[in-house]
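Below: the structure, in structure tokens.
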Amino acid sequence: MSQARADLRILSSPGGFVGDYLQAFARVRQSGERVIIDGPCLSACTLVLSTIPSNRICVTRRAVLGFHAPRLVDRETGRSSRAPEATRIVVDSYPAKVRAWIKKRGGLSQKLILLRGRELAALYRHC
């Protein structure tokens with residue numbers, strides 16, 4: 001007998017705290033699960049590209065990846081500030097083709113940039 005492998009399907013993720021996503025994706029990486037991006041994967045959710053091997057990621061026609069520069073948030077006050085060093089680390093963590101796509105759009109800023117459709121299909125296999 002062999003163990004059945006499940007898939008992680010991302011249907012809609014608005015993002016959140018980077019640490020939470022990195023922990024969750026590390027568990028998925030260890031499990032061997034495949035990741036199906038089947039809707040919006042925004043902000044910290046895009047770290048799936050940095051954590052899971054690209055041969056275990058596929059996208060549907062509904063997949064949308066939304067990138068922006070990270071901000072540091074004070075959990076006590078709720079205030080946020082720019083984080084240039086964190087932005088560099090995040091960009092450097094993405095696969096080369098994703099980094100090139102981001103650079104072509106002027107880099108990461110507070111404005112959300114969306115990777116979808118043919119551009120996304122050119123980078124990741126279709127599910």
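Values reported hereafter were calculated over all heavy atoms of this structure, with side chains retained and with hydrogens, waters and symmetry mates removed. What you are looking at is a predicted structure, and each value in this text was computed from that prediction instead of being measured.
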Does any part of the side chain of [Y], heavy atoms only, come nearer than 4.5 Å to the side chain of [X], both counted from C-beta?
{"X": "Glu33", "Y": "Asp7", "value": "no"}
{"X": "Val48", "Y": "Cys41", "value": "yes"}
{"X": "Ile10", "Y": "Cys45", "value": "yes"}
{"X": "Ile37", "Y": "Thr60", "value": "no"}
{"X": "Val28", "Y": "Val35", "value": "yes"}
{"X": "Phe25", "Y": "Ser50", "value": "no"}
{"X": "Leu47", "Y": "Ser93", "value": "yes"}
{"X": "Tyr124", "Y": "Val98", "value": "yes"}

Neighbour count above 12 (heavy atom, 6.0 Å) for Arg71 CZ: yes

A quick test of your reading: do over 12 heavy atoms of other residues, nucleotides or ligands sit less than 6.0 Å from CZ of Arg125? yes

State the [atom1]-[atom2] distance between [X] and [Y], to the nearest 0.5 angstrom.
{"X": "Arg79", "Y": "Leu72", "atom1": "CZ", "atom2": "CG", "value": "14.5 Å"}
{"X": "Arg27", "Y": "Leu22", "atom1": "CZ", "atom2": "CG", "value": "11.0 Å"}
{"X": "Arg75", "Y": "Thr77", "atom1": "CZ", "atom2": "OG1", "value": "12.0 Å"}
{"X": "Asp92", "Y": "Arg99", "atom1": "CG", "atom2": "CZ", "value": "6.5 Å"}
{"X": "Ile113", "Y": "His68", "atom1": "CD1", "atom2": "NE2", "value": "10.5 Å"}

Distance-minimising heavy-atom pair for [X] and [Y]:
{"X": "Thr87", "Y": "Ala69", "answer": "OG1-CB, 3.6 Å"}
{"X": "Leu65", "Y": "Leu49", "answer": "CD1-CD1, 3.8 Å"}
{"X": "Leu11", "Y": "Pro40", "answer": "O-CD, 3.3 Å"}
{"X": "Arg56", "Y": "Ile52", "answer": "CB-CG2, 3.9 Å"}
{"X": "Pro53", "Y": "Arg29", "answer": "CD-CG, 4.4 Å"}

Do Thr46 and Tyr94 pair up side chain to side chain, a donor and an acceptor below 3.5 Å, judged on atom types alone? yes

Is there a donor-acceptor contact under 3.5 Å linking the side chains of Tyr21 and Ser43? no

Would you check if the distance from the ring center of Phe67 to the ring center of Trp101 is below 6.0 Å? yes

Treat each ILVMFWY residue as a node, draw an edge where side-chain heavy atoms are under 4.5 Å apart, and state whether Leu108 and Val64 are in one component. no

Please determine whether residues Ile36 and Leu115 belong to a single hydrophobic cluster, defined as Ile, Leu, Val, Met, Phe, Trp and Tyr linked transitively by side-chain heavy-atom distances below 4.5 Å. no

With a 4.0 Å cut-off, would you call Arg105 and Glu119 a salt bridge? yes

Looking at Asp38 and Arg62, is there a salt bridge between them, counting it only when a charged N and a carboxylate O are closer than 4.0 Å? yes

Side chain to side chain contact (heavy atoms under 4.5 Å, CB included) for Cys58 and His126? Distances and angles first, verdict last. CA-CA 5 Å; Cys58 66; His126 182 73; over 6 Å; no

